[in-house]
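Scroll down for the structure; my scribbles are underneath it.
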There are 2 protein chains.
Amino acid sequence: MPTIGFHKHDHATCISSTLARAEAHCTAHSLKFTPVRRRTLEILLAEHRALGAYDLLAILSNEGLGTAPPVAYRALDFLTGAGFAHKIEGLNAYIACAHLGEDHAPAFLVCTRCKTVAEADTAADKGRLGQAAAATGFKIEKTVIEAMGICPACVEDTPCA
Amino acid sequence: MPTIGFHKHDHATCISSTLARAEAHCTAHSLKFTPVRRRTLEILLAEHRALGAYDLLAILSNEGLGTAPPVAYRALDFLTGAGFAHKIEGLNAYIACAHLGEDHAPAFLVCTRCKTVAEADTAADKGRLGQAAAATGFKIEKTVIEAMGICPACVEDTPCA
DNA sequence: CAATTGGATGTTATAACATATCAATTGGGG
DNA sequence: CCCCAATTGATATGTTATAACATCCAATTG
């Protein structure tokens, strides 16, 4: 059952519990959850929408955590590598993982207006792509599955859609 | 049944027939199939793999068809808008459509090594994304479905995978 | 045949996204 | 304590994409 996130929830709790899980994961796997990395994830969790690397960098920079692009990209590389965040290819932007800890092949509903993103799990078989790949001997390393569109809130706010 | 394209075929015929169909489509819809647009599609068809906008621009430039980035991006906008080409978001690159004329929601198997791309049609229901969208009131405008990996040919060529 | 008009192009500049490189630092294991 | 490896800091550059504005050209129409 896909878990969809266009609804209200207890944000402060969701942030702190996810950070705690991330911390635990790092401890368990001997990964370093450094201040920049931690803060980057915290920002993504707080925003709860896709942010560009330079948007993140601007925030980190304000807080004295680094000014040059590699700061943001290194943090994002770490977070995506650890499975704490995902890149939305259709936006060249990044979002906190909504299923931290579960090994998953994510799929997204992306609102192009407000950049809110809902994350769903894809089926284990990867659907038709998986069938097609199996039929031809193609070896899938990663899937990019994104639906770009307008979220319920933005649909209502649109004057003359 | 998905149509998968990691096999040999009569390339010259495939190019010319696709160009002819594109031309017919433009005539029917009062679109202008100008030299730059035509040549851009021809290049994509001939390469039969994903090309970056600046790769295309280099070729067009050599042929006196324009030197500035907008030349390539305008041609690509036209081709993607008309359904003659698709953007592969995972590569920031572009490919000729393999199902020109059929209204379709494409899915791709993308070889990250040789940039060869196989195009399959997605199911009409758009799978779990469609279900998720329907459940929440999300309005899908476009889907991005890409499997990044290694194609059969490159798997074999890999020395020590 | 002008005049109009709307899409297509030409051109310059810049915005936005991402990585290479190398030196300096830090923190844990031998 | 020293070494190794990972992280950070800093500068520069590479890559992808669009904004803005001028101009051209071909089809319509008066």
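Convention: sequence-line order gives letters A, B, ...; per-chain numbering from 1.
- Taking side-chain N and O atoms only, Y73(B) has a distance below 4.0 Å to OP1 or OP2 of dA17(D).
- Rounded to an integer number of Å, the gap from CG of D55(A) to P of dA16(C) is 9 Å.
- Taking only distance into account, the side chain of R74(A) meets the base of dG9(D) through a donor-acceptor pair shorter than 3.5 Å.
- In this structure, F33(B) has its ring center no closer than 6.0 Å to that of H25(B).
- Tested against L76(B) for a side chain to side chain contact (heavy atoms under 4.5 Å, CB included), the candidates L41(B), V71(B), L44(B) yield a single pass: L44(B).
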Could you walk me through whether F108(B) and I145(B) pass the side chain to side chain contact (heavy atoms under 4.5 Å, CB included) check?
CA-CA 6 Å; F108(B) 304 99; I145(B) 301 183; over 6 Å; no
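- Per the geometry, CG belonging to L79(B) stands 14 Å off C1' belonging to dA8(C), to the nearest Å.
- Distance, L91(A) CG to dA17(D) P: 13 Å, rounded to whole Å.
- Using a 4.0 Å heavy-atom distance criterion, Y94(A) is classed as a sugar-phosphate-only contact.
- Taking atom CG of L31(B) as the reference point, atom P of dA27(D) lies 15 Å away to the nearest angstrom.
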Under the criterion side chain to side chain contact (heavy atoms under 4.5 Å, CB included), I'd like the reasoning laid out for H104(A) against H99(A): C-alpha separation, chi angles, the key distance, then a yes or no.
CA-CA 8 Å; H104(A) 61 302; H99(A) 298 108; 4.2 Å; yes
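- Mapping P70(B) and P69(A) onto DNA chain C by nearest heavy atom places P70(B) at the nucleotide closer to the 5' end.
- Atom C1' of nucleotide dA16(C) and atom CG of L51(A) are separated by 15 Å, given to the nearest angstrom.
- Note: CG (L76(B)) to P (dT18(D)) measures 10 Å, nearest angstrom.
- dG10(C) atom C1' lies 13 Å from atom CG of L57(B), rounded to whole Å.
- With rounding to the nearest 0.5 Å, the separation of CD in E119(B) from NE2 in H86(B) is 4.0 Å.
- Residues A68(B) and K32(B) each lie close to DNA chain C; by heavy-atom proximity, the contact nearer the 5' end of the strand is made by K32(B).
- With hydrogens and angles ignored, a donor-acceptor pair under 3.5 angstrom links the side chain of Y54(A) to the base of dA18(C).
- Nearest-nucleotide mapping onto DNA chain D: of R37(A) and N92(A), the residue sitting toward the 5' end is R37(A).
- The shortest distance between the side-chain N/O atoms of T34(A) and the OP1/OP2 oxygens of dT8(D) is below 4.0 Å.
- Distance F33(A) CZ to dA6(D) P: 19 Å, rounded to the nearest Å.
- Across every strand in view, dA20(D) sits in a pair with dT11(C) that passes the Watson-Crick or G-U test at under 3.5 angstrom.
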